[in-house]
2 protein chains.
Amino acid sequence: MTRVTIKDVARIAGVSPSAVSRVFTDGASASEATREKVLTVARDLGYRPSLLARGLVGTRTNLVTLVMGRMHDPFDALFLDELAEALAARGTRLMLASAGRDAAGDSGLLQALDYKSDAVIVAAGTMSPEHADLCVRAGLPVILSGRVLDAPGVDSVLADNVGGGRQAAELLVRTGCRRLAYLGRGGATFSDRERLKGFAGAASRAGIEVATTAVADRDHGTVFQAATDLFAGPAPPDGLFASTDSMAIAAIEAARAVGLSVPDDLSIVGFNNVPAAAWRSNQLTTVDYPIAGVVSGILDLLDSRLADPDRAREVRRIPTGLVVRATTREKHPHRRGCP
Amino acid sequence: MTRVTIKDVARIAGVSPSAVSRVFTDGASASEATREKVLTVARDLGYRPSLLARGLVGTRTNLVTLVMGRMHDPFDALFLDELAEALAARGTRLMLASAGRDAAGDSGLLQALDYKSDAVIVAAGTMSPEHADLCVRAGLPVILSGRVLDAPGVDSVLADNVGGGRQAAELLVRTGCRRLAYLGRGGATFSDRERLKGFAGAASRAGIEVATTAVADRDHGTVFQAATDLFAGPAPPDGLFASTDSMAIAAIEAARAVGLSVPDDLSIVGFNNVPAAAWRSNQLTTVDYPIAGVVSGILDLLDSRLADPDRAREVRRIPTGLVVRATTREKHPHRRGCP
DNA sequence: GGCCATCGTGCAAACGTTTGCAATCGATGC
DNA sequence: GCATCGATTGCAAACGTTTGCACGATGGCC
């Protein structure tokens, strides 16, 4: 019932606690004989170093705090999965701080400090420059996922939202759509803002002005209603870009409900490439969110930042791809080479 | 850059570190004057107690480790959300241990020990009695979610899967289905086994034998294929119970693909009541998984177990409900009262 | 064989708290 | 006025590690 400590191992193995400690920290010098003795005893006793004690004295915790909001979108779960897996493979533990109701990752940041996390990864909640500054000042590296904050020492990794939006627009234009619409949170979210920017920019270069409908909530019902209104309204689009696959799927549903045929009457492009996008009933053309790339970018920046806390702030953008399925039309083949 | 400790606060406030500590642990005696002085200084200095140090000496950590697998199903995210929120509201921190590739929550359990967690909640991975015993012996409470393990001191909370399966069968029988089928993991998963048991039991009481098709993987494509084969096979069912909403939705898709009309030719009932079940394109009748009830049951058991580590093992089953939507038929009204 | 570099080891001081014990203090009851 | 009592406080010892320092042993090199 009482914990087996480093001293127990030391006593039984006939060495000092320091020796045991050195056996368990790689890179430290210990003779082969000692190592073997210690490891044997440790195994027999079932000894495991206390990470609390280790973290208290040591400089590194191997602990990272993740600030996340509620995972309303399947995409969030994918992301968390990938990140958790990557961290685990690296021997890093993950502490979860839900940025629940309170506006900010505020409490999450403090929690990270309380446990002396090596770093905090912020994937949700609004993060004020003040809080970021607080952390950096306290020596806690902050890595933002999916947004950029112009504060010294705060790194960011994100999908190339602007590029993704552009890809969507170019595809729609290329396949003959002329009345483009955007459906999303609009200015309310960092990534949505960027996606819209890329989409509208590319459309404008093709001489098309985008009609944007911003929705207050990503909830399926809300989006379905907004899409229905848009499609049944006075100026229905023939090409729609939704800032999220989930929203795009709701839009597909709405199109069916009002009797529009996809992609004949209406082309739809989503963002993220979640598994459901590939389902038979959706066959959604979408911009692929490079989850693996973003996650490994985060780990990369984590390493760099830990190695050199004073390095310049870095923003890493991971390029997106386009996954063409059945909610967009084929490129008109007869136009090929004979304009 | 250097951390502000309890001694800093003590020095500036002109009291001993003990006094500061007592101000910050409720239930300890401290005069109003001291309290005020200390709190003021602490706020000015931005002092926060180190949870590492506190956990090292104290007996309680306010830290709980959650062992989870990859969240392939949207349901998993819902569950995690609810649990994280409830724990946060209670002031408990949550550490994530993904039971990734390695078969067991094994590594997760060890991680929990390393950080002196107050308890470990196991929601995924197979958990061997040996490991459970290891934990209990080490004084680490284990709470299982969604399964039962017959080991002393290991508590469980689960949805009433058997009851849910029964509800599904009774609904199908009541609405006139006679050729019942089950689609799920079959014996491979604890909850699926129970759901099947409840379903087949109730069907058998109505004189119907259930055709079960067990699928190796919950992946949408796999399930879609299995359902298609079943529907196009020699003995297509007129009532299907899927052990998961996600699988039920894949089945709906398959039914449409082979030209079956739901619910006219085929009734379908799912399990979990995820948001997607309510979508217009699915309108899935399903057994409601009482997430809130399960989560509060977990917290309940957590408290009880911490209060009395030697109490008898407890298994708590939370009743399910039935949410009738459009994938099942209306009860035949003309049969009412005139059999 | 002497010298220097290297390696392995133990001692003791941290790390930032909590908490049992004893002491102080003011008030209360007689 | 004195003994008692409870509340408040400080001291010091834990909690389980890591790590700088010093010291002895070992081995290579000339």
Side-chain angles (χ1 to χ4, degrees), chain A residues 1-39 41-42 45-63 93 110 113-118 138-139, chain B residues 1-39 41-42 45-63 93 110 113-118 138-139:
Chain A
M1 186 66 194
T2 174
R3 187 182 185 104
V4 30
T5 86
I6 206 173
K7 288 182 193 162
D8 301 325
V9 178
R11 187 166 30 81
I12 298 191
V15 295
S16 75
S18 323
V20 178
S21 170
R22 283 189 253 262
V23 168
F24 277 98
T25 73
D26 39 26
S29 71
S31 75
E32 200 48 49
T34 313
R35 187 177 304 275
E36 192 172 344
K37 250 187 314 182
V38 167
L39 285 180
V41 174
L45 263 52
Y47 167 73
R48 315 210 83 223
S50 155
L51 295 186
L52 289 180
R54 189 176 267 183
L56 185 56
V57 51
T59 170
R60 193 104 328 150
T61 347
N62 273 337
L63 175 66
R93 276 142 222 109
L110 296 181
L113 284 174
D114 293 349
Y115 262 103
K116 211 175 164 183
S117 299
D118 283 345
Chain B
M1 186 65 193
T2 175
R3 187 182 186 103
V4 30
T5 85
I6 207 174
K7 288 182 192 162
D8 300 325
V9 178
R11 187 165 31 80
I12 300 193
V15 296
S16 75
S18 323
V20 178
S21 169
R22 284 190 252 261
V23 167
F24 277 97
T25 73
D26 38 28
S29 74
S31 74
E32 200 48 48
T34 315
R35 189 177 304 273
E36 191 172 345
K37 252 189 312 184
V38 167
L39 286 180
V41 174
L45 262 52
Y47 166 73
R48 314 210 83 223
S50 156
L51 295 187
L52 290 179
R54 187 177 269 184
L56 185 56
V57 50
T59 170
R60 192 102 331 149
T61 346
N62 271 338
L63 175 67
R93 276 141 220 109
L110 296 181
L113 283 175
D114 294 348
Y115 263 103
K116 211 175 165 183
S117 299
D118 283 343

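The basis for the numbers below is simple: all heavy atoms, side chains too, and nothing from hydrogens, waters or symmetry mates. Owing to the predicted nature of the structure, the values given are computational and were not obtained by experimental measurement. Below, chain A is the first sequence line, B the second, and so on; all start at residue 1.
Contact annotation: side chain of B:R22 to base of D:dG10, donor-acceptor pair present below 3.5 Å. Not a single donor-acceptor pair, N or O on each side, falls under 3.5 Å between the base of C:dT6 and the side chain of A:S29.
For the pair B:L52 CG and D:dT17 P, the interatomic distance rounds to 14 Å; values are reported in whole Å. The CG-C1' distance, from B:L56 to C:dT19, rounds to 14 Å in whole Å. Rounded to whole Å, the distance from CZ on B:R3 to P on C:dT17 is 6 Å. One can place CD1 of B:I6 at 14 Å from P of D:dC11, the figure rounded to the nearest angstrom. Rounding to whole angstrom units, NZ of residue B:K37 and C1' of D:dT9 are separated by 11 Å. Between the NZ atom of B:K7 and the C1' atom of C:dA14 there is a distance of 9 Å, rounded to whole Å. Between B:L51 atom CG and C:dC15 atom P the separation is 18 Å, expressed in whole Å. For the pair B:R54 CZ and C:dT19 P, the computed distance is 9 Å after rounding to whole Å.
Between A:Y47 and A:V41 the shortest side-chain heavy-atom distance does not fall below 4.5 Å. Using a 4.5 Å cut-off on side-chain heavy atoms (C-beta onward), A:R11 and A:D8 make contact. Between A:R93 and A:Y115, the closest side-chain pair of non-hydrogen atoms is not below 4.5 Å.
When each of B:V57 and A:T59 is assigned the nucleotide of DNA chain D with its nearest heavy atom, B:V57 is the one assigned upstream, toward the 5' end.
In this structure, CG in A:L51 is found 11.5 Å from CG in B:L56, a value given to the nearest 0.5 Å.
Considering B:V20, B:V9, B:V15, B:V23 as possible partners of B:K37, the one that fulfils the side-chain contact (heavy atoms from CB on, under 4.5 Å) test is B:V15.
The side chain of B:S16 lies closest to D:dG10, out of D:dT17, D:dG10, C:dT18. Closest approach to the B:S18 side chain among C:dG10, C:dT19, D:dT8 is made by C:dT19 (side chain taken as heavy atoms from C-beta onward). The B:S21 side chain lies nearest to C:dT19 when the options are C:dG16, C:dG10, C:dT19. Here the side chain of A:A19 is nearest to one of C:dT19, D:dG16, C:dG10, namely C:dG10. Relative to the side chain of A:V15, the nucleotides D:dT9, C:dT18, C:dG10 differ in distance, and C:dG10 lies closest.
An end-to-end axis angle of 30° holds for the helix from C:dG1-D:dC30 to C:dC30-D:dG1, taken from five base pairs per end and rounded to 10°.
A donor-acceptor pair under 3.5 Å links the side-chain atoms of A:D118 to the main chain of A:T61, judged by distance alone. Within the 3.5 Å criterion, the main-chain N or O of B:G55 finds a donor-acceptor partner in the side chain of B:K116.
Heavy atoms of B:T25 sit under 4.0 angstrom from primed sugar atoms or phosphate atoms, though from no base atom. Contact annotation for B:A28: no contact, since no heavy-atom pair falls under 4.0 Å across all strands. Among the atoms of the strands shown, none is found under 4.0 Å from any heavy atom of A:R35. Nucleic acid contact for A:Y47: sugar-phosphate only, since backbone atoms but no base atoms lie under 4.0 Å from a heavy atom of the residue.
Taking all atoms of both residues into account, the shortest heavy-atom contact from B:A30 to B:R35 is O-NH2, 3.4 Å.
Using a 4.0 Å cut-off, no side-chain N or O of B:S50 falls inside it from OP1 or OP2 of C:dC15.
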